[in-house]
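Each remark here refers to the structure printed beneath this line.
Below, all heavy atoms of this structure are taken into account, side chains as well, without hydrogens, waters or symmetry copies. Since we're looking at a predicted model, the values are computed, not measured.
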Amino acid sequence: MRGIQFLVNEDGEKTAVLLDLQEWGDLWEDFYDILVARSRAEEETVSWSDLESELNQENAANGAV
């Protein structure tokens, strides 16, 4: 495929990939977003109301309006 190169080891096995970001940048961003989401899958979730309260408290403490 144009804009994609594979790095292979001494046995000819593919070990890495190089993407031309001008060609595949949008796709890379989507792929990266999926990787980040999966890496955070086991993290504790926070409800929107709890987050909003925390942000409001921080803003009040910092003198923000």
Side-chain angles (χ1 to χ4, degrees):
M1 289 180 84
R2 185 180 62 201
I4 299 176
Q5 297 176 0
F6 292 98
L7 181 64
V8 296
N9 64 17
E10 51 278 344
D11 296 324
E13 299 167 329
K14 295 176 184 173
T15 59
V17 63
L18 297 172
L19 296 175
D20 179 337
L21 293 178
Q22 288 184 349
E23 182 85 23
W24 299 103
D26 290 341
L27 183 61
W28 166 248
E29 289 177 16
D30 293 341
F31 181 74
Y32 182 75
D33 288 344
I34 291 168
L35 290 175
V36 170
R38 285 188 180 177
S39 74
R40 296 177 178 170
E42 299 300 317
E43 290 183 5
E44 182 180 340
T45 60
V46 178
S47 72
W48 169 247
S49 60
D50 289 345
L51 179 60
E52 186 176 33
S53 294
E54 183 179 329
L55 291 173
N56 287 336
Q57 289 173 3
E58 287 178 13
N59 286 337
N62 293 326
V65 178

Considering all heavy atoms, the nearest R2-W24 contact = O-NE1, 3.0 Å
Joint hydrophobic cluster, W28 plus L18, side-chain heavy atoms closer than 4.5 Å = no
If you measure from CG on N59 to CG on L55, what distance do you get to the nearest 0.5 Å?
-> 6.5 Å
Taking it one step at a time, do I4 and V17 satisfy side-chain contact (heavy atoms from CB on, under 4.5 Å)?
-> CA-CA 7 Å; I4 299 176; V17 63; 3.6 Å; yes
Look at atom CD of Q5 and say whether more than 12 heavy atoms of other residues, nucleotides or ligands are closer to it than 6.0 Å.
-> no
Drop me the distance from T45's OG1 to L51's CG, to the nearest 0.5 angstrom.
-> 11.5 Å
Approximate separation, where rounding is to 0.5 Å, of I34 CD1 and E29 CD | 12.5 Å
Heavy-atom count around Q22 CD within 6.0 Å, excluding the residue itself: above 12?
-> no
Residue of the set D20, D26, L21 for which side chain to side chain contact (heavy atoms under 4.5 Å, CB included) holds with E23 | D20
Hey, any chance V8 and M1 share a hydrophobic cluster, counting ILVMFWY side chains that come within less than 4.5 Å of each other, even indirectly?
-> no
Test item: D11 side-chain N/O and E13 main-chain N/O as donor-acceptor pair under 3.5 Å = no
Single-linkage hydrophobic cluster V36~V46, side-chain heavy atoms < 4.5 angstrom = no
